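On a predicted model such as this, the values are computed, not experimentally measured, just so you know. The analysis underlying the following values was restricted to heavy atoms, covering all of them including side chains, and did not include hydrogens, waters or symmetry mates.
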Amino acid sequence: MEHRTHTCGQLTSKENDLKVVLNGWVNSIRLHGQIIFIDLRDRYGKTQLVFDSKTFLGDFEIVKKLSLEDVLAIEGIVSLRAQSAFNKNIITGQIEILVSNILLVNEAKPLPFVISNRNSAEENLRLKYRYLELRTEELQNNLIIRHKAYQAVRSYLSNNDFLEIETPVLMKSTPEGARDYLVPSRIHEGRFYALPQSPQLYKQILMIAGFDRYFQIVKCFRDEDLRSDRQPEFTQIDIEMSFVDEYHVMDYMEKLTKHVFKTVKNIELDTPFEKLTWSKAMDSYGSDKPDLRFELKLTDFKEYALKSSFKTFFEADAIKTVIVNNADLFTRKKIDNLTDIAKTCGAKGLAWFKVGNNELSGGISKFFDEDLSLEMIETLNLSENDILFIVADSHKVACTALGAIRIEIAKHLNLIDVGVFKPVWITDFPMFDHDDMDQLTPMHHPFTAPKIDNINDLNLDQKNILSRAYDLTINGNEVAGGSIRNYDPKIQSKIFELLKMNKDEIDSKFGFFIEALKYGTPPHGGIAFGFDRLVMLLSGSDNIRDVIAFPKTTSANSLMDNSPSNVSNLQLEELNIKINES
RNA sequence: GGGGCUGUAGUUCAGUUGGUUAGAACGCCGGCCUGUCAAGCCGGAGGUCGCGGGUUCAAGUCCCGUCAGUCCCGCCA
């Protein structure tokens with residue numbers, strides 16, 4: 001048979017009477033005795049084939065035996081359907097192919113699940129047969145969107161003088177940040193490379209080298225526990241710029257984001273993006289990655305709580321509330337569910353009461369006397385059928401618990417419009433966090449510049465120093481994060497000291513980098529986009545695995561090829577590695 | 001590391017208070033059928049109830065452990 005003349009998503013009434021050759025997979029079969037309909041599918045679409053025993057030239061018995069996902073080549077004539085037989089659901093629905101000849105190119109075994117319906121199998125089975133799941137329209141679309149996003153990113157950045165430069169995948173292990181994936185060196189016994197958690201140091205060194213605008217679409221690896229938006233290997237759009245401050249970076253990145261949404265999905269994002277300081281985001285939304293598609297802001301409730309007779313309130317650092325309408329939609333069961341959510345965030349409980357006709361009811365309402373109730377109704381602007389959820393705890397727990405509840409309430413009340421995109425920059429992060437031992441740890445990473453005028457300020461009140469970091473959040477997803485970096489080696493060294501890294505450690509881990517900073521470093525800063533999360537937003541998926549061709553499970557297994565797997569003793573011996581039997 | 005949910009036919013699920021031979025739909029196999037597009041009709045095959053242990057006269061069902069998937073907390077600069 002000749003090579004294919006058209007794809008399965010191409011033919012319309014314009015090609016009526018044309019002789020064509022098509023290739024594709026059997027998507028569905030409708031057998032009617034002497035006439036057989038087959039939908040032939042490729043990535044471009046579906047075309048209906050008609051096999052009529054009267055006109056078909058080949059062996060009709062072969063056609064009768066075809067099964068789903070067989071690969072075919074067919075020859076036939078494009079034929080306009082009767083108007084009553086049009087299929088409006090597919091592009092090629094006006095025509096069908098009157099087949100004269102067929103070649104069964106390759107047979108398919110009976111399938112482990114129904115390919116036309118992704119819900120016909122659980123995810124573990126679909127991942128084992130990922131090549132079959134990837135034939136579904138949904139995943140094909142997701143990967144097409146991903147492709148368009150790569151191209152949009154490259155064209156925007158390239159047109160704005162950013163150079164795409166590759167950095168090593170085998171690199172030095174450093175102690176900061178996430179757990180490294182390690183790669184043993186055969187040549188250097190007992191030594192290891194690490195896979196990059198990000199190309200952070202390389203891109204800063206590229207700035208020192210004078211490539212004042214760099215980007216890379218690059219795989220990064222972090223050996224930490226996974227989530228629905230986290231994979232052990234993931235893709236970043238890694239970007240760095242010289243002679244800029246945070247506003248230059250944010251401006252370019254807004255334009256990049258806008259360009260990507262416009263080219264890939266024809267969505268216009270309003271610029272400039274909204275900006276929120278970290279402390280305002282935590283205070284109002286209980287999250288450093290707030291979803292701004294709905295309101296439900298947190299309100300300070302301490303003033304009223306302290307006037308109540310509810311003793312639990314009296315010891316708490318912070319008391320916050322979220323005020324919600326539609327109290328009648330919150331059953332006992334739903335409130336219990338919200339309480340569980342609050343508890344997973346560390347809250348000891350979730351207090352609540354409902355607002356009736358100028359009085360409170362349910363929950364902890366009895367701890368508020370009539371005067372206090374009226375005062376609250378007045379000053380908090382409460383109306384009938386409101387419900388208030390209250391958490392009293394440390395400031396952090398009160399905010400994050402209510403932040404989690406805020407999101408669940410929005411889902412429960414259907415307040416989230418899925419077609420809307422609300423980007424927001426989060427700025428003014430604290431420079432440092434602290435661990436259980438009260439030791440300072442970097443909130444962003446140790447190369448982030450502090451927001452100070454004088455190096456001596458680093459000696460004072462470290463917990464209140466802000467950094468020059470910024471995150472881009474869209475609809476509650478942290479899509480990008482970056483900062484202006486330390487280009488003064490003295491400040492960089494000082495920060496390592498504050499992080500309690502001793503001189504030897506600094507020398508052996510980062511010595512080469514501090515040394516590099518001393519040879520004429522331009523002021524610089526950058527950002528990295530979580531490319532998978534960005535594609536997830538563009539595709540409307542709620543799961544990162546749906547936008548990655550071959551993802552791993554939440555325990556970092558690849559169910560299709562069964563990695564990770566054991567290796568031979570010979571391989572281990574070459575690497576001088578011994579496995580502990582336990 | 002901790003918690004929630006899930007695991008029964010090829011697949012998705014049902015399976016009552018622990019009680020006879022574990023059901024349905026789709027898929028598969030066979031038959032009928034010339035206008036379907038989730039085709040229809042008739043018939044058939046198909047099960048170590050994730051795995052291991054325990055309680056019991058009796059376990060898909062209860063208990064303990066374990067494995068896998070998933071969601072969340074910790075963690076992920």
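Atom CZ of A:Arg118 and atom C1' of B:rG69 are 15 Å apart (whole Å). Atoms CG (A:Asn87) and P (B:rG35) sit 17 Å apart, rounded to a whole Å. Rounded to an integer number of Å, the gap from A:Glu69 CD to B:rG27 P is 14 Å. Rounded to an integer number of Å, the gap from CG of A:Asp52 to C1' of B:rU36 is 13 Å. Taking atom CG of residue A:Asn337 and atom P of nucleotide B:rG4, one finds them 15 Å apart after rounding to whole Å. Remark: C1' of B:rA38 and CZ of A:Arg30 are 9 Å apart, rounded to the nearest angstrom. When the C1' atom of B:rG10 is taken as reference, atom CD1 of A:Ile115 falls 14 Å away, rounded to whole Å. Computed from coordinates, the A:Leu31 CG to B:rU36 P distance equals 14 Å when rounded to whole Å.
Pairing for B:rA25 is with B:rU11, a Watson-Crick or G-U wobble pair whose two hydrogen-bonding atom distances lie under 3.5 Å.
Going from the P atom of B:rG53 to that of B:rA59 covers 14 Å, rounded to whole Å. For the P atoms, the distance linking B:rU6 with B:rG46 amounts to 31 Å, nearest Å.
Across all strands shown, A:Arg545 has heavy atoms under 4.0 Å from sugar-phosphate atoms exclusively, and none from any base. Using a 4.0 Å heavy-atom distance criterion, A:Glu96 is classed as a base contact. Counting non-hydrogen atoms under 4.0 angstrom, A:Pro446 reaches a base of the nucleic acid.
Residues forming a salt bridge (Lys or Arg N to Asp or Glu O under 4.0 Å) with A:Arg179 (at least two apart in sequence, or on another chain): A:Glu224.
Each of B:rG35, B:rC28, B:rG69 was ranked by its minimum atom distance to the side chain of A:Pro110; first place goes to B:rC28.
Counting distance only, with no hydrogens placed and no angle test, the side-chain atoms of A:Glu224 and the base atoms of B:rG74 include no donor-acceptor pair under 3.5 Å. In the interface, the side chain of A:Arg126 is not paired with the base of B:rG69 through any donor and acceptor atom under 3.5 Å apart. Side-chain atoms of A:Glu122 and base atoms of B:rU6 include no donor and acceptor less than 3.5 Å apart. Donor-acceptor pairing under 3.5 Å, judged by distance alone, is present between the side chain of A:Arg230 and the base of B:rC76. At a cut-off of 3.5 angstrom, counting only N and O atoms as typed in the model, there is a donor on one side and an acceptor on the other between the side-chain of A:Arg81 and the base of B:rC37. In the interface, the side chain of A:Asp225 is paired with the base of B:rG74 through a donor and an acceptor atom under 3.5 Å apart.
Within a 6.0 Å radius of CH2 in A:Trp25, no more than 12 heavy atoms belonging to other residues, nucleotides or ligands are found.
Look at A:Ser84 and you won't find any side-chain N or O under 4.0 angstrom from OP1 or OP2 of B:rG35. Dashed line: the shortest gap from a side-chain N or O of A:Thr344 to OP1 or OP2 of B:rG3 is not under 4.0 Å. Put simply, A:Thr554 has a side-chain N or O that comes within less than 4.0 Å of OP1 or OP2 on B:rU70. Contact annotation: A:Asn557 side-chain N/O to B:rG69 OP1/OP2 distance is under 4.0 Å. At B:rG30, one or more side-chain N or O atoms of A:Lys65 fall inside 4.0 Å of OP1 or OP2 (strictly under the cut-off). Between A:Ser228 and the phosphate of B:rC72, there is a side-chain N or O to OP1/OP2 separation shorter than 4.0 Å.
A parallel orientation is assigned to the rings of A:Phe496 and A:Phe510, their planes being inclined by less than 30° (bins at 30° and 60°).
Residue order along RNA chain B, read from the 5' end via each residue's closest nucleotide, puts A:Cys345 first among A:Ala178 and A:Cys345. A residue-by-residue look at A:Ser198 and A:Asp229 shows that A:Asp229 has its nearest nucleotide of RNA chain B further toward the 5' end.
Aromatic stacking of A:Phe37 on B:rU36: satisfied, with centres closer than 5.5 Å and planes within an angle under 30 degrees. B:rG35 has no base stacking with the ring of A:His32 when judged by centroids under 5.5 angstrom apart and an interplanar angle below 30°.
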- Task: Report the C-alpha distance between A:Ser541 and A:Asn543 in whole Å, list the side-chain angles of each, state the deciding distance to 0.1 Å, and finish with yes or no for side-chain hydrogen bond (donor to acceptor under 3.5 Å, both in side chains).
- Result: CA-CA 6 Å; A:Ser541 309; A:Asn543 194 305; over 6 Å; no
- Start with the C-alpha distance between A:Gln94 and A:Ser13, add both sets of side-chain angles, then the distance that settles side-chain hydrogen bond (donor to acceptor under 3.5 Å, both in side chains), and finish with yes or no. CA-CA 6 Å; A:Gln94 296 178 343; A:Ser13 54; 2.9 Å; yes
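Checked for salt-bridge contact, A:Arg118 and A:Asp546 meet the test: a charged N lies under 4.0 Å from a carboxylate O. Taking a cutoff of 4.0 Å between a charged side-chain nitrogen and a carboxylate oxygen, A:Glu69 and A:Arg135 qualify as a salt bridge.
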Protein N or O to nucleotides 43-50 of chain B N or O, pairs below 3.5 Å:
none

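Contacts between residues 484-496 of chain A and RNA chain B, defined by a heavy-atom separation under 4.0 Å, are absent.
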